[in-house]
Amino acid sequence: MQKPWEILQNKDPQVYQLIEAEFKRQQDGLELIASENFASAEVIASMGNVLANKYAEGLPGKRYYGGCEVVDAVETLAIERLTRLFGAKFANVQPHSGAQANAAVFLVLAKPGDRILGLDLAHGGHLTHGAKVNFSGVIYESHFYQLEAGSDLIDMNQVREHAHRVKPKILIAGASAYSRTLDFAEFRRIADEVGAYLVVDMAHIAGLVAAGLHPSPVPHAHVVTTTTHKTLRGPRGGVILWNDESLSKEINKGVFPGTQGGPLEHVIAAKAVCFQEALQPSFKDYQLDVVRNANTLANALIERGFKLVSGGTDNHLLLINLSDTPVSGKQLEEALGKIAITVNKNTVPGEKRSPFVTSGIRIGTPAVTTRGLRQADMEHIANWVKQAFDHVADDAYLAKLKGEVESFARRFPLYPNWTS
Ligand code: DSN
C-alpha cells in the first residue's frame, strides 16, 4: 500500500519532502513524549478524505447547511461509539482539541471573573486549567492546588481546604504530568461540599480509563473532557462527555456557537475509527503493556541512580527529577534529542530553574509500546538515558549512541504496510 502522501511527490515536492522527513524522524527515533502516540493507518486514512470538504455547523439532524445527511451519520456513529466506550450518556465529538473542549465547557459552566481551581501547572497541571497566560487564567480568577511536599502526591486534604477557602465555580481534576492515580470520587465529594462543578480533563489517561486500568471519572464528574490522540491513540482532537441531560443544551452550545465554527467531520470520522479500535480486547492488552513498560522503565531508571517525582508511576508516564543534579531538564532533553530519543523537559515540584530550563524530564511509554517495544526493551532505554546524562556535553559520544538508538528503532517498523 502506498503512503497516503505519495500523491504529492510530483505535484508538491516541497511539502512531500517535509512529510517524508517527519516520517523518517518518527521511524528512526524513539518517541517518549508522554502525550504522543502513533495512530493506526486506518485512523490516518480516515482523516484524509472528502469529509474534509463539508461544512456542518450545528449537530446531527440540526445543521445550518444542506447536504449533511452523510456527515450526520458519521458524527452520530462517533458519538455512539464514544459513549459506549466510556459508559457515558452524552457526548460532543466536535472539539478540535483538548484546549477547545475545556474552553467550551468553561464558557458554559462559569462566567468571566468566576473562580476556578485546578492543579498548578508547575506541579503537573495543564495550561487550560487556569494558567495566567491562557484564556482560563485571563477570563477566570484561577487558583491552584499543589503536590504535597515530600510525597509529590495530590493531597486531597489540601484540595478540600483550598476548595472551601476559594469556593470555586469549577473544580478541575486532571493533569499533564502526574504519574499517580486520581481519586475522582473524592474530588466529586469536595465539589459537592462547595457547590462547584467537577470537570475532569482525562486527556493523558483516557486510553487507560477506556481499558479499565485507571478508575473512570465518568460516574463522578459533571463533565469529562479529553483529547483523542494521547493514550487513546486516535486523531488529534478533543471530545466532551457528561451524564446529566440538563447540561446537554449548554455544553453543545459551548462548542458551537460558543467557541467553534464548523466541525472537522474528517477528524470526527477518524475519532469514530479510534473509538472502535479502543473497544477491541486488543486495546486493553496494549494499555496493559503501556503501564507495564512505564513501570519497568521507572524501576530501571531508579536502579541507575535517577530520582523520580513521587518515586515511580501508576500510569503511562514518569518524571525524572534532576533538581539535585548539575544537569537541567533542557540539557538532558537536548542530549537525548541528539541520540534520537524524543522527550520533553518539565518543571518538577519545588522547581528552582526557569520554566525554559527546568529540573525535570517527562517520559511516557504510549508511543514506543504502539511500536512494539516491551519490558525487556525498557532496560535499553534506561541505559541510553543514563549514558546521555553522563555525557550530556560530549557530542562525539552522543553521535555514537545515536547510531545505536537508530538501528534499534528500525527493528520496530512504523506502518509496515506502507511502501513507496
Ligand atoms: N501538551 C500536552 C502534553 O504534552 O501533555 C497537553 O496538552
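Each ligand, and each atom within it, is numbered from 1 in the order the structure gives. Quantities reported herein were computed from a predicted structural model and do not represent experimental measurements.
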- Query: In terms of ring plane angle, is the pair Phe283 and Tyr286 parallel, tilted or perpendicular, where the classes change at 30° and 60°?
  - Reply: tilted
Original post:
Salt bridge or not for Glu141 and Lys169, using N-O below 4.0 Å?
Top reply: no
Residue, atom and distance of the protein heavy atom nearest atom 2 (C) of ligand 1 read Lys230 CE, 3.9 Å
- Relative to each other, are the rings of Trp242 and Phe90 parallel, tilted or perpendicular (30° and 60° limits)? parallel
The atoms of ligand 1 lying under 4.0 Å from a heavy atom of Ser35, numbered in the order shown, are 3 (C), 4 (O), 5 (O)
Answer yes when Glu193 and Arg160 have at least one side-chain N-carboxylate O distance shorter than 4.0 Å, and no when they do not. yes
Self-check item: Carboxylate-amine/guanidinium contact Arg189 Glu186, below 4.0 Å
Solution: yes
Within the 4.0 Å heavy-atom cut-off, what Arg362 brings close to ligand 1 is side chain
If we number the atoms of ligand 1 from 1 as shown, the ones under 4.0 Å from a heavy atom of His126 are 6 (C), 7 (O)
Under 4.0 Å from one or more heavy atoms of His204, ligand 1 contributes atoms 3 (C), 5 (O)
